[in-house]
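Just so it is clear, the model here is predicted, and its values are computed rather than measured. In what follows, chains are A, B, ... by sequence order, proteins preceding strands, each numbered from 1.
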Amino acid sequence: MMSASNIHATVEALIMASPEPLPVARICDVVADLTPSKAAEAVAQLNTRYADGNSSFRIRELAGGYQFYILSDFTGYVEELFTRHRKLRLTQAALETLAIIAYKQPTTKSEIEYIRGVASDGVVHTLLERNMIAITGRAKGVGKPLQYGTTEEFLKFFGLAGLDDLPKPAEIEELMA
Amino acid sequence: MMSASNIHATVEALIMASPEPLPVARICDVVADLTPSKAAEAVAQLNTRYADGNSSFRIRELAGGYQFYILSDFTGYVEELFTRHRKLRLTQAALETLAIIAYKQPTTKSEIEYIRGVASDGVVHTLLERNMIAITGRAKGVGKPLQYGTTEEFLKFFGLAGLDDLPKPAEIEELMA
Amino acid sequence: MQETITDPQTDSYQVQLDMFSGPLDLLLYLIKQEEVDIYDIPIARITRQYLKYIEQMQTLNLEVAGEFILMAATLIRIKTKLLLPRDESDPDEMDPREELILALVEYKRYKEAAEHLRDRALREEQYFVPPSPVSHSVVKVDLNPATSLFDLLSAFRTVLATRQRELFHQVQPEESSMEDRMALVLNALSEQEMATYRQLCSDDPKRMIAVVTFIAVLELARTRRISVEQSWPFAEMRVYRGTRFAESGPLDELVDYAGVEQEGELQ
């Protein structure tokens, strides 16, 4: 027979581990001799403990199950945390374009499109906006098209000390073989 | 100015909300006037409170960040309800190569092959693909070969707080000297 | 020889391959099994055991077998050197085993470090990390790992490969035969005194070429048309003209893939 303190801790662990609101029936399946009313009592006592300790979270009943949630006093901080530090994930199209610019710089949009085989206005624009590439000049020849190259931000993003650190095509083949 | 109790609760909320180990620098970005040492102190006090209240979870340091985890006493119950996606096992070749990179970083492929006595292109490729290692630059000297080092993913996989946390048995200590 | 090698549970070559991550790993296993001192290896005994394993591994993946075979050659070379009378007057003369011992000791350290890492990974599996209680759609957090340099390189390779296929009808060169590779090796040596293994494979980056060239070199060395030197097991292999370099015989008579290990010195 589990002690009351142990039952509380087990109920707490199960609710915390659940990615969805956890139905009380499932808790009772796992913990021997636990009834729904005893489980409810355990949750109430856990919440009292969290309140007494000034914790930032509580357990609530939602959609027929128990779930941890963060008190609204703190959600402002949480939102700030995520908006400030959104990880930059580049799409496949952006990666391809960036790779071509990195290896062929200075290069033009028409060269990029020739290699990729698709129109690339949108993705070049996005890369400019994200400061991964910059306009570096104009090519000679008809129309004097704009030329693009990579930026300091690009190097920083990929952890490169300089463009020389970029693996050479032969090295890429070796790595990927 | 936030009260100490409020700082504790905010730190707790941020760590709990983060789906990845949360670097202390990011906590300090969001909470005004918080220093890394004060954040560490807050985490220590939160853990004391969890222990005093017989809670089933704690906060730990992992890969340079803070993360909640459920005490191993309760993982048995948790696993009855939730199947954890088991981590992929690394082969002996992958482990050896990782060990060499971890203790010698930054290191080159030829150094790895010299120590292992076998070609290691395939295993280096796999480790790069799984984001356990990354290209960190180029070595000086003939051919300027690419250098490799371990990643945050590596620290997470092995449950290490940081590189200082690498196992240091006596025979390996010699390597670090 | 079966009794020393065939473990009923691992009676498959694939498993045997997985057991040893390289020739040094196999040597360490033998040193442990024979209960000998790593700093004073009885080379003759260990070489005998080692060759038994190689025989068992004959049908293995050739690339791996190649490294195991090179080590066999090194062991035989050390064994031969030990049989030669030592120059007592030269205090600097090295123990022929020294390089091998240093390599084994160094490798052993990392093998042990790898064991510690494995333990940490297992311990880490005991931890259960709860999911964030915050709905990710609310905070719009991107759970994917950040883009790495490796992703950039993969993208570059993909775009080039796709485009190349579209732009050119690439004619696949026919796989080189053993005969061609042997002719190429001999040809290279008629123009220069020495060639490295890497140079001999450099005309074609395909993996199979490296394997076929390697066998061609072994075969030519066996018939003394060329001689092979390696300053150290993993150092670059250098190929020179052999004592019977000039003897021209139809190359196809020499070709016998499967026979390389059986007829070679390895018995």
Side-chain angles (χ1 to χ4, degrees), chain B residues 16-21 57 60 62 67-72 74-75 78-79 82 84 86-87 89-100 102-104 110 113-120 123 128-129 131 134-135 151-153 156-160 165-169 171-172 174-175, chain C residues 18-27 63-64 66-68 70-71 74 103-134 136 138-139 141-143 145-146 148-151 153-154 207 210 232-235:
Chain B
M16 189 177 239
S18 175
E20 296 286 327
F57 48 75
R60 66 167 174 169
L62 182 75
Q67 180 187 60
F68 270 92
Y69 71 99
I70 290 169
L71 294 176
S72 56
F74 301 94
T75 42
V78 169
E79 283 180 346
F82 312 106
R84 235 174 340 159
R86 286 260 157 213
K87 280 194 291 190
R89 288 289 156 86
L90 292 171
T91 62
Q92 157 103 13
L95 279 167
E96 279 175 23
T97 307
L98 263 182
I100 295 167
Y103 286 97
K104 281 193 102 88
S110 63
E113 292 180 336
Y114 185 81
I115 294 172
R116 293 194 59 223
V118 281
S120 304
V123 62
L128 278 168
E129 204 169 45
N131 199 22
I135 296 164
T151 60
E152 268 186 31
E153 192 56 37
K156 275 194 239 167
F157 189 90
F158 292 100
L160 303 167
D165 199 19
L166 274 172
K168 285 189 198 69
E171 66 275 12
I172 295 164
E174 292 170 41
L175 295 173
Chain C
D18 288 347
M19 269 177 72
F20 303 110
S21 69
L24 292 172
D25 197 22
L26 171 53
L27 276 177
E63 199 189 14
V64 175
E67 283 148 341
F68 282 88
L70 287 180
M71 178 59 83
T74 303
L104 278 168
V105 168
E106 172 94 336
Y107 171 74
K108 186 162 175 272
R109 283 193 188 132
Y110 287 103
K111 185 175 152 70
E112 275 158 12
E115 289 305 315
H116 286 283
L117 283 180
R118 193 201 302 275
D119 291 345
R120 290 299 294 252
L122 287 175
R123 203 170 91 191
E124 179 61 15
E125 285 198 356
Q126 303 298 309
Y127 289 107
F128 191 98
V129 174
S132 162
V134 179
H136 297 128
V138 172
V139 294
V141 64
D142 190 346
L143 287 174
S148 72
L149 179 60
F150 188 76
D151 298 326
L153 303 181
S154 304
R207 183 163 292 228
W232 171 238
F234 329 120

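Annotation: side chain of C:Ser132 is not in contact with side chain of B:Met16 (no heavy-atom distance under 4.5 Å).
Of all the listed residues (B:Leu128, B:Leu62, B:Thr75), the one sharing the greatest number of non-hydrogen pairs under 4.5 Å with chain C is B:Leu128.
A cation-pi arrangement is absent between C:Arg109 and B:Tyr103 under the rule of less than 6.0 angstrom and at most 45 degrees off the ring axis. A cation-pi arrangement, defined by a distance under 6.0 Å to the six-membered ring centre and an angle within 45 degrees of its axis, is present between B:Arg60 and B:Tyr69.
Of the atoms belonging to B:Glu152, not a single heavy atom falls under 4.5 Å from chain C. With a 4.5 angstrom heavy-atom cutoff, C:Phe128 touches chain B via backbone and side-chain atoms both. The parts of C:Leu117 that come within reach of chain B are both its backbone and its side chain, each placing non-hydrogen atoms under 4.5 angstrom from that chain. With a threshold of 4.5 angstrom between heavy atoms, B:Gln67 approaches chain C through side-chain atoms but not through N, CA, C or O.
Summarising the geometry of B:Glu129 relative to C:Phe150, their closest heavy-atom pair is CA-CE2, 3.5 Å, with the distance given to 0.1 Å.
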Exercise for review: Output, in order, the C-alpha distance, side-chain angles, deciding distance and verdict of salt bridge (charged side-chain N to carboxylate O under 4.0 Å, His left out) for B:Arg89 and C:Glu125.
Suggested key: CA-CA 11 Å; B:Arg89 288 289 156 86; C:Glu125 285 198 356; 3.2 Å; yes
